[in-house]
2 protein chains.
Amino acid sequence: MPVPRGSSLDPDRTRAAVLRTAEGILYSRGLDGVGIAELCAEAGISKETLYRHFGSKDGLVRAVLEARSDRVTRWLARAAADAGDEPAAQLAAVFDALGGWFNEPGFRGCAIVNAATQHHTTPASTIATRHLGRHLELLTTIAARAGAADPAALGRQLLLLLEGAIVVADHHDGPGAADDARDAALALLDHATRRRDGHSGGGRRG
Amino acid sequence: MPVPRGSSLDPDRTRAAVLRTAEGILYSRGLDGVGIAELCAEAGISKETLYRHFGSKDGLVRAVLEARSDRVTRWLARAAADAGDEPAAQLAAVFDALGGWFNEPGFRGCAIVNAATQHHTTPASTIATRHLGRHLELLTTIAARAGAADPAALGRQLLLLLEGAIVVADHHDGPGAADDARDAALALLDHATRRRDGHSGGGRRG
DNA sequence: CTTAGATCGAACCGGTCGGTTCGATCAGGA
DNA sequence: TCCTGATCGAACCGACCGGTTCGATCTAAG
């Protein structure tokens, strides 16, 4: 059953509603697994309306992916910020948040990376590159605040864990991948911040 | 230009040739990016021949993915074996081999994971799960031979790095991801095998 | 030579796709 | 009230899809 048939007649509201509906369907069925006719039906709009708002299916996909990238980026940053000032705790919180996502019923991997995998020519690739760059920025910031010897390098390593966890959770392990990734991340953080004596660094240091 | 028009009339040879050709096209263009008509034309066979050999496009895709999984698995195992008996060297060799792959012109991520991402209902998902399981087995074996405290856990962590490196190389970094993954893998190996004194373990131990 | 089977090439099928257009409808501002 | 513009619903387009069939052709085995 589509939208309650309200005919809001407010372009902004219509656009937002379409984006919300299309995101769910495109994520669960894939970019090529659903046609714009069905998209319009589910969103409760006509094809002409969709055409005027987004220009093409590709335009709709791009708008959906950009909105999603923004939201996911804010969500991860929030998870880190809510974990307090301790870098190790922030890192753990990021991967715990991932674990919560993996446990959600409709989890099917990263929508942006999936889209870029399906249409490697379209702007999806550009959005995906920027999306990973945003994750890298968050992780590098945490690495720097933790006092890592090479924050950029540690950030890149942590990004591998983050993206690897999504793939493994989707195609192999399920939610357990988040726990493995968190353990590995904390180990790498410890390795990159350890003093050169036998002391195990990264622990509480006020 | 298709096959040299030899008409081998040998079913096994024909099947192998079709698999080889289809693998390249399906990998570079995506499962939905090419029709069976073009596949047949490039392979130099008729649609009826393809239909008799593989039953359907899905059957062809499955055969392609299974053959590729076998080949990739053997390739990685060989890379490890050729690196000698030292677990750390074997691990480094695995990620160095990955780096070589990332540098190849047509690299577009893992064909099996990509396929499962595109068609998450088809047998592609099953093949992908088994594919990652094979990688996990190799990495866990190396972890165990290195004397890790928990080889299964370390194996799972290394799998995250392997899969993460493929995604990041495809969508963000390029070949550098392999170097980051190797460094992280060696750090995790060190972390999991270190003695509880200050000595940095994992080194040569006969 | 004859025959059986693999293959070709082309036509054909029903279906779906993304995109376009058009007349009717409806709400809000002048 | 009347107009503007957002929207609807439906029809339509050309293209391509995966799959099926058929007669002709070619090769290798008997």
Problem - B:R52 vs C:dT7: side-chain N/O to OP1/OP2 distance below 4.0 Å - result: yes
Exercise for the section: Round to a whole Å and report the spacing from CD1 of A:I36 to C1' of D:dA10. Expected result: 14 Å
Handout entry: Short side-chain N/O contact to D:dA6 OP1/OP2 from A:H53, under 4.0 Å
Key = no
Handout entry: Nucleotide nearest B:T49 (side chain, heavy atoms from C-beta), chosen from D:dT7, C:dG18, C:dT7
Key = C:dT7
Fill in the blank from the handout: To the nearest angstrom, the CD1-P distance between B:I45 and C:dA10 comes to 16 Å
Handout entry: Closest listed nucleotide, where the reference is the side chain of B:S56 and the choices are D:dG19, C:dC8, D:dT7
Key = D:dG19
Exercise for the section: Look at the side chain of B:K47 and decide which nucleotide, out of C:dG18, D:dG18, D:dG9, has an atom nearest to it. Expected result: D:dG18
Handout entry: Nearest-neighbour nucleotide for the B:Y51 side chain, C:dT20, D:dT20, C:dT21 considered
Key = D:dT20
Practice task
Grab the CG-C1' distance between B:L50 and D:dT21 for me, whole Å please.
Solution key: 16 Å
Fill in the blank from the handout: Between CD of A:E38 and C1' of C:dT16 the distance, given in whole Å, is 12 Å
Completion exercise
note: A:E42, atom CD; D:dC8, atom C1'; distance rounded to Å ~ 17 Å
Problem - Nucleotide nearest A:K57 (side chain, heavy atoms from C-beta), chosen from C:dT7, C:dG19, D:dC22 - result: C:dG19
Exercise for the section: Determine, for B:R134 against B:D70, whether the closest basic-nitrogen to carboxylate-oxygen distance falls under 4.0 angstrom. Expected result: yes
Problem - N/O donor-acceptor pair under 3.5 Å between B:N114 side chain and B:R108 backbone - result: yes
